[in-house]
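Each chain gets a letter, A, B and so on, in the order the sequences are listed, and its residues count up from 1.
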Amino acid sequence: MGGVDGDPGGPLGLADLDDQGGPLVEEEDQLLVEGIDALAGIGERFGGGGEFPGLALLGRGRLALGGGLCGSLMRLWSLPRAHRGVIVQPMASVERLGGRLWQKPVGNTDSRSKAVGGVDTGGTPVPRAPVDERESALHSRPMPSRELVVTRFAPSPTGHLHIGGARSALFCWAFARRARHDGADGRFMIRIEDTDQARSSEESARGILDDLAWLGIRWDDGPVLRRHQALGTGHQGVNQGQGGDIGGDSRGVGPYFQAQRVGIYNSYIEALVKAGHAYPAFETTEELESRRKAANAAKQTYRYQRPDDVQIGAFNESRWKRAQAGEAHVIRLAVPREEIIVRDTILGDVKSAAGELDDFVIRKADGFPTYHFAVVIDDELMGTTHVLRAQEHLANTPKHVALQKALVRLDNGKPFRTPVYGHMPIICNMDGSKMSKRDKAKIARKAAKDAIAKDGGITAAVLAGTTGIAQKQIADFLAAESDSVDTAEALASHFKVALPEIEIWDFRRSGYLPEVIINFIALLGWNPGMKQADGKDLEKFDLEFIGKNFSVERIGKGSAKFDRAKLLSFNGDAIAGMADDVFVQRWRAWLAEYEPEALARLDGLGADTLMILAPAVKPRAKTLRDTLKPIAFALASDTGYEFDKTAVEKNLLASDRTGAKLLAEFKPVLAGIDAWTPGSIHAAIEAFAKSKGFVGEKGVNVGPIAQPLRIAITGVAVSPPLGETLGVLGKASTMARIERCLTSL
RNA sequence: GGCCCCGUCGUCUAGCCUGGUCCAGGACACCACCCUUUCACGGUGGUGACAUGGGUUCGAAUCCCAUCGGGGUCACCA
């Protein structure tokens, strides 16, 4: 029997039901199901008469399932994921009923749902999960009370939103949204973990929220992000009503900035100390550091040694008095020496042997809680039911479980609950290392060092002068003592090296579309497991789809490498797939933000410039920044571009200046065009080619005139189709450019 | 190094739970051809993987074990 009487380790969650019954479950195992009215029907039908072994009806909406039955019934009724999580009752109520609660032997919980893809006639992808009328009947019944499902994303405001953070946020959002689709009250919450006084900033918090909003991820509970506010005035701007504020505290569990909750943490700290589960410790950082070094030198694992005068469960008054008197100290948790099992929906049970955990710090010397403590307190107080985070946190989780075991709520005396955990695969670089903002530092540092190696005159002081960054900061950065993103960006821009996009902000600047980023990061470690009508895997979808179809059981275990080439391809597809007017609108917005001069130049050419260019640019640009390349000719003035020598030689001068002669001959034809549109220009070129007898087996070959013309107009042999190219420039510019080319020969 | 997690084409993955329909499917990338006024787009086709070794089984990508490989984490950062 896998259960632990009297110590369920928190409410049962998805993990417990993940292995859907089967032979592993012993006969005595029981599962109490309640909270879904419709289940009463099941109970009455199967269990009411008592002739069905392993199933007992305990009242309306409530039944106990025994042994493998719970699994098979779950399967039989295709109970949706969230329902499964919702219907399981915590220990207390089971005890009240005199039942026994078990936690299933979780030996292998990495089971996958059988939801395979299916196809509908319209070509829209639909899940092929077995559709059972009974299931829809179940869905249509109103829930007695909507179960609360709360996920949270809790960034530390020490920089921009990282791509991995965005994925965490997306999955948490999606989980809550999916729960809502399944009838629960799914809520996605944001909490700002600003307990690191030195590194946190409000500006960064605001930036992270902005990035999230840009991606289209909205939160139900959390800091309020006011959008479309006129700068400085506090009045609503022109776009009023379009975006609206995000966030709020409808459940009354805020504030959502941890720095504002220090009082709460302190009262829990005090309670913990007085209960003998935590104690003040007075060692200095230096002392600990030297002990750590000594242990490492002796090739031993360093663990903090609990002082002899500290006993678990006994309030150490003298230490508390010293602390109260103002002596510098931290608070440590007195961790019992016992095995800790983290139940993880994605990974299964992860055991941590007794003694692995030492007495870790829960409140720092500056009076702020550590991450571990604040997280546990807030997740409980804010009602977090499901924690989805990256696997880098897996090693922390035993600490959180230990804390939860030690803590009791001050308001109602109830023990802390353990949320359902799910640790997601880490996002890696193509070389397999963790994708991190340090990657920027590495590249920038290398560029700087290479430059210094070449030119001894370059020093930190010189760089400080040219970049405007403090000399010390640059020196630290070069010595790899700091990985400051700002410094990295400044140096990279100074040495003209490209930094990889790591943070959402980078991708935005590079011209990636938010919906593409969402789509792509959703695929990093998760996939819907569906097929399209043509039998290919479904992998292009939007936020709404994710919110409807997200499921934890389809999150993979292995780390995912971030394939930029595929992202680029997705982005290019999205751009190419946009209607021209939509593209122009978004293109214009991006240009206005990042390349205002280019936009001004384009608009100066004519009101419709972007629209004329759109069909030519869309298939040629993988990102919005890419759009600048095919339109380089338009960005330059009529005399502001160079003629590519090789191209001129090959297309204008070769064969006794054939190209140039042809061009000179074609010039008056162009001058005679009245309606200067891409279509009429193209028609003129074709007609001219035809009149010159450039006709092959496949029809008119405009090449002999097209290439000379292209080079005259753009300077190079590569450009969008000539209709659009000339069309955008206008007749006067076109003539001037041809003239300039011809005279330059 | 200790502890933990993971391991299907170069990359993201489907398949694994419930072994046979898989000499393993899709996507990106790559290669070839077609289309084409250039560059793109598009179309068609192709190269390419079950980490290795043992079991279990009539049968293993799928179940078990070992080995190897990769990653994470070891703070008064989160």
Side-chain angles (χ1 to χ4, degrees), chain A residues 18-20 22 108-114 116-117 154-156 158 193-196 198-200 281 285 288-289 292 296 299-303 329-332 344 347 350-353 356 360-366 368 370-372 374-375 390-396 398 423 425-426 428 430 432-434 520 523-525 527 529 531-532 535-540 556-570 572 576 616 618-621 629-630 647 651 682 685-686 689 694 698 700-707 709-711 714 716-722:
Chain A
D18 225 330
D19 183 348
Q20 311 189 332
N108 181 17
T109 56
D110 58 327
S111 55
R112 295 291 187 266
S113 97
K114 263 301 181 196
V116 201
S156 165
T158 55
E193 311 224 324
D194 53 352
T195 53
D196 184 339
R199 295 196 300 151
S200 297
T285 314
L288 295 173
E289 192 52 41
R292 215 185 322 269
N296 284 344
K299 290 191 176 174
Q300 285 181 331
T301 307
Y302 171 76
R303 287 199 184 85
H329 70 284
V330 298
I331 303 289
R332 288 177 184 270
D344 189 292
L347 299 172
V350 179
K351 288 175 193 157
S352 169
E356 280 292 319
F360 57 94
V361 174
I362 57 177
R363 189 175 73 185
K364 300 178 267 187
D366 65 3
F368 276 75
T370 60
Y371 158 72
H372 304 297
V375 156
Q391 268 174 35
E392 63 201 68
H393 284 291
L394 183 58
N396 291 147
H423 288 94
I426 286 174
C428 296
M430 288 305 272
S433 60
K434 187 167 95 172
F520 190 71
L523 247 13
L524 254 26
N527 78 80
K531 304 269 187 209
Q532 299 178 101
K536 295 180 176 176
D537 291 359
L538 174 72
E539 56 176 15
K540 298 276 181 75
K557 294 179 175 189
S559 56
K561 293 192 179 118
F562 192 80
D563 185 353
R564 292 170 188 278
K566 186 158 179 171
L567 202 218
L568 208 50
S569 165
F570 272 37
K618 282 196 306 173
R620 265 162 267 261
K629 270 180 263 165
N651 295 288
H682 181 255
I685 294 171
E686 199 157 272
F694 301 147
K698 293 175 196 165
V700 186
N701 174 22
V702 300
I705 178 60
Q707 283 308 86
L709 180 56
R710 169 170 286 118
I711 289 154
T714 68
V716 292
V718 173
S719 89
L722 290 169

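In this structure, NZ on A:K434 lies 12.0 Å from OG on A:S559, to the nearest 0.5 angstrom. The structure places CG of A:L394 at 9.0 Å from CD1 of A:I426, a figure rounded to the nearest 0.5 Å. Remark: A:T195 OG1 to A:R363 CZ distance equals 13.5 Å, nearest 0.5 Å. Rounded to the nearest 0.5 Å, atoms CD1 (A:I705) and CD (A:E686) are 13.0 Å apart. Here A:I362 contributes atom CD1 and A:H372 contributes atom NE2; the two are 11.0 Å apart, rounded to the nearest 0.5 Å. Between the CD1 atom in A:I685 and the CG atom in A:L709 there is a gap of 5.5 Å [rounded to 0.5 Å].
In this structure, A:N396 and A:Y371 approach most closely via the heavy-atom pair OD1-CE2, 4.1 Å. Here the closest non-hydrogen pair linking A:S719 and A:T714 is CB-CG2, 3.9 Å.
A:E539 places its CD atom 8 Å from the C1' atom of B:rU13, with the value rounded to the nearest Å. Nucleotide B:rA27 holds its C1' atom 11 Å from the NZ atom of A:K531, rounded to whole Å. Taking atom CD1 on A:I711 and atom P on B:rU37, their separation rounds to 16 Å, with Å as the unit. Computed from coordinates, the A:K557 NZ to B:rC4 P distance equals 15 Å when rounded to whole Å. The distance between atom CG of A:N527 and atom P of B:rU8, rounded to the nearest whole Å, is 14 Å. A:Q532 has its CD atom 13 Å from the P atom of B:rG26, to the nearest Å. Distance A:Q707 CD to B:rU37 P: 10 Å, rounded to the nearest Å. Summarising the geometry, the separation between CG on A:L568 and C1' on B:rA27 is reported as 15 Å, rounded to the nearest angstrom.
Nucleotides B:rC41 and B:rG54, compared at atom P, are 47 Å apart to the nearest Å. Only the P atoms considered, B:rC9 is 12 Å distant from B:rA14, to the nearest whole Å. Rounded to whole Å, the separation between the C1' atoms of B:rC76 and B:rA51 comes to 42 Å. For the C1' atoms, the distance from B:rC16 to B:rC22 is 12 Å, rounded to whole Å. Only the C1' atoms considered, B:rG15 is 30 Å distant from B:rA32, to the nearest whole Å. Going from the P atom of B:rG70 to that of B:rC28 covers 30 Å, rounded to whole Å. Rounded to the nearest Å, the gap between the P atom of B:rG53 and that of B:rA60 is 14 Å. Comparing the C1' positions of B:rG69 and B:rC34 gives an interatomic distance of 43 Å, to the nearest angstrom.
For a distance-only test at 3.5 Å, the side chain of A:D537 qualifies as a donor-acceptor partner of the base of B:rG25. One can find a donor-acceptor pair under 3.5 Å joining the base of B:rA27 and the side-chain atoms of A:K566.
Contacts of A:G572 with the nucleic acid, taken as non-hydrogen atoms under 4.0 Å apart, are absent. A:K536 comes within contact range of the sugar-phosphate backbone alone, with a heavy-atom separation under 4.0 Å but no base atom that close. Across all strands, A:L722 comes closer than 4.0 Å to base atoms (heavy-atom distances). Counting any heavy atom pair closer than 4.0 Å across all strands shown, A:K351 reaches sugar-phosphate atoms only and no base atom. A:H423 comes within contact range of no nucleotide atom at all, as no heavy-atom separation falls under 4.0 Å.
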Residues A:V350, A:H423; criterion side-chain contact (heavy atoms from CB on, under 4.5 Å); working and verdict: CA-CA 11 Å; A:V350 179; A:H423 288 94; over 6 Å; no
Chi angles and distances behind the side-chain contact (heavy atoms from CB on, under 4.5 Å) call for A:D537, A:K531: CA-CA 4 Å; A:D537 291 359; A:K531 304 269 187 209; 2.7 Å; yes
- prompt: Could you walk me through whether A:H682 and A:V702 pass the side-chain contact (heavy atoms from CB on, under 4.5 Å) check?
  reply: CA-CA 10 Å; A:H682 181 255; A:V702 300; 5.7 Å; no
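In terms of position on RNA chain B, the residue among A:L567 and A:L523 whose nearest nucleotide sits closer to the 5' end is A:L523.
Residues passing the salt bridge (charged side-chain N to carboxylate O under 4.0 Å, His left out) test with A:K618 are A:D580, sequence neighbours excluded. Every salt bridge (charged side-chain N to carboxylate O under 4.0 Å, His left out) that A:D196 has, sequence neighbours left out, goes to A:R199. Under the rule for a salt bridge (charged side-chain N to carboxylate O under 4.0 Å, His left out), the partners of A:K566 that lie at least two apart in sequence or sit in another chain are A:E539.
Nucleotide B:rC33 forms a Watson-Crick or G-U wobble pair with B:rG43, both donor-acceptor distances falling under 3.5 Å. For B:rG19, there is no paired base (Watson-Crick or G-U wobble, both distances below 3.5 Å). Base pairing of B:rG69 is made with B:rC6, judged by Watson-Crick or G-U wobble geometry with both donor-acceptor distances under 3.5 Å. Partner assigned to B:rA60 is none, using Watson-Crick or G-U wobble distances below 3.5 angstrom. Under the Watson-Crick or G-U wobble criterion, with both distances below 3.5 Å, B:rA27 is paired with B:rU11.
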Any N/O pairs under 3.5 Å between the protein and nucleotides 32-36 of chain B? List them or say none.
from	atom 1	to	atom 2	distance (Å)
B:rC35	OP1	A:K698	NZ	3.4

Look for any protein N or O under 3.5 Å of an N or O in nucleotides 67-77 of chain B and output each such pair with its distance, or none.
from	atom 1	to	atom 2	distance (Å)
B:rG72	OP1	A:K434	N	3.3
B:rU73	OP1	A:K434	NZ	2.7
B:rC76	O2	A:A365	N	2.7
B:rC76	N4	A:E283	O	3.2
B:rC77	OP2	A:K364	NZ	3.2
B:rC77	O2'	A:D196	OD2	3.1
B:rC77	O2'	A:R199	NH2	2.9

Pick out the pairs of N or O atoms, protein on one side and nucleotides 39-43 of chain B on the other, that lie under 3.5 Å.
from	atom 1	to	atom 2	distance (Å)
B:rC39	O2	A:R620	NH1	2.6
B:rC39	N3	A:R620	NH1	2.3
B:rA40	O2'	A:P619	O	2.7

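Nucleotide B:rC31 is shown with an anti base, its glycosidic torsion being more than 90° from 0.
At least one donor-acceptor pair under 3.5 Å links the side chain of A:R303 to the backbone N or O of A:E356.
Set against B:rC6, B:rU37, B:rU11, the side chain of A:M430 has B:rU11 as its closest nucleotide. Distance from the side chain of A:V350 is smallest for B:rC4 among the nucleotides B:rC4, B:rA29, B:rU37.
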